[in-house]
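Because only heavy atoms are used, hydrogens play no part in the values below, and waters and symmetry mates are left out as well, while side chains stay in.
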Amino acid sequence: MTRAGEALLSGATICLLGGWVGALLLFSVVVAPTAFQVLPGPEVAGKLVGPVLRSLNLYGALAGLALAAIARIRGRGFVALALPPMLPVLCLISQFGITASIEEIRPLAFGQPPDTAALARFGQLHAASVAIFGLVGILALVLVGIHARADVLSRRGP
């Protein structure tokens, strides 16, 4: 591969991962906590947070596929090839499995009066969503490290 091609793919990798990790951090540290602090109730905050999370999940699904393709083209190692396809799977499970279920029971869980069984199920689903979100973030950071190390080693030459 030419130096220009390698530089382009390196830049794309940095943009994909940097944007993704940055968005995950912004969401978890700023957007979600702020929504639940300033909006009138958890149901309203959830209506704001849900679409943002959907965007993150869909971006993650596409970014993971793009990162897998780039890692293959760049001839990266097993982990750099294996992790990216796992990330879209996790993002899609979160979006179309867990988040969809949360949206179904949200009116019952936060209705008047709240349905205690729905509220308990909501808590379980939310915990699973947070766990997947955290795992995706950790794996994305692992990919940052893998690609950064590989880039440094490739610049040193044989």
Side-chain angles (χ1 to χ4, degrees), residues 1-39 42-104 106 122-158:
M1 176 178 303
T2 67
R3 291 184 86 188
E6 182 60 33
L8 180 66
L9 291 175
S10 178
T13 301
I14 290 167
C15 286
L16 286 166
L17 283 169
W20 196 1
V21 170
L24 292 172
L25 284 171
L26 180 67
F27 177 80
S28 61
V29 174
V30 177
V31 175
T34 302
F36 285 95
Q37 281 179 345
V38 303
L39 294 174
E43 186 174 3
V44 176
K47 287 181 180 181
L48 169 72
V49 169
V52 176
L53 186 57
R54 178 177 47 249
S55 296
L56 286 172
N57 283 328
L58 295 178
Y59 175 85
L62 294 173
L65 294 174
L67 288 164
I70 291 169
R72 183 172 173 87
I73 293 167
R74 295 178 82 188
R76 293 290 159 100
F78 175 76
V79 177
L81 290 168
L83 275 183
M86 294 167 67
L87 296 173
V89 170
L90 290 170
C91 290
L92 294 174
I93 287 170
S94 177
Q95 184 58 44
F96 296 109
I98 296 169
T99 302
S101 296
I102 285 174
E103 293 304 319
E104 280 182 25
R106 184 184 311 277
F122 178 91
Q124 294 168 340
L125 290 167
H126 184 265
S129 177
V130 168
I132 289 176
F133 186 89
L135 180 59
V136 166
I138 289 167
L139 294 176
L141 282 171
V142 167
L143 278 175
V144 168
I146 288 169
H147 284 288
R149 182 177 186 278
D151 285 349
V152 166
L153 292 174
S154 72
R155 287 186 188 109
R156 286 187 187 161

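- Residues in residues 73-95 take part in no ring pair (Phe, Tyr, Trp, His ring centres under 6.0 Å) pair, two or more places apart or across chains.
- You'll find the side chain of Ile14 reaches within 4.5 Å of the side chain of Ser10, heavy atoms only.
- Contact annotation: the side chain of Arg76 never approaches that of Pro84 to less than 4.5 Å [non-hydrogen atoms, C-beta and beyond].
- Residues passing the salt bridge (charged side-chain N to carboxylate O under 4.0 Å, His left out) test with Arg106 are Glu103, sequence neighbours excluded.
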(message) Could you go through Cys91 and Leu58, starting from their C-alpha distance and side-chain angles, then the distance that decides it, and tell me whether this counts as side-chain contact (heavy atoms from CB on, under 4.5 Å)?
(response) CA-CA 7 Å; Cys91 290; Leu58 295 178; over 6 Å; no

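- Counting all heavy atoms, side chain and backbone alike, Ser154 lies closest to Asp151 at OG-O, 2.9 Å.
- With a 4.5 Å cut-off on side-chain heavy atoms, Ile70 and Leu16 count as touching.
- Listed by first and then second residue, the ring pair (Phe, Tyr, Trp, His ring centres under 6.0 Å) pairs involving residues 126-148 are Phe27-Phe133 (not counting sequence neighbours).
- Between Phe96 and Asn57, every side-chain heavy-atom pair lies at or beyond the 4.5 Å cut-off.
- Rounding to the nearest 0.5 angstrom, the gap separating the CD atom in Gln95 from the CD1 atom in Ile102 is 10.0 Å.
- What you find for Tyr59 and Cys15 is that their closest heavy atoms are OH-O, 4.1 Å.
- Here the closest non-hydrogen pair linking Pro85 and Leu81 is CD-O, 3.1 Å.
- Pairing each heavy atom of Val21 with each of Ala140, the nearest pair is CG2-CB, 3.8 Å.
- Ala80 and Ala71 get closest at one heavy-atom pair: O-CB, 3.4 Å.
- Side-chain contact between Leu53 and Ser129 is present, with heavy atoms from C-beta onward closer than 4.5 Å.
- By the 4.5 Å heavy-atom criterion applied to side chains, Leu141 and Trp20 are not counted as neighbours.
- Taken to the nearest 0.5 Å, the CG atom of Leu83 stands 5.0 Å off from the CG atom of Leu143.
- Side chains of Leu9 and Met1 form a contact here, defined as non-hydrogen atoms less than 4.5 Å apart.
- Closest non-hydrogen pair, Gly60 versus Pro88, comes out as O-CG, 4.2 Å.
- Note that CG of Leu87 is 11.0 Å distant from CG of Leu92, once rounded to the nearest 0.5 Å.
- Remark: the backbone N or O of Leu90 is not paired with any side-chain donor or acceptor of Ser94 at under 3.5 angstrom.
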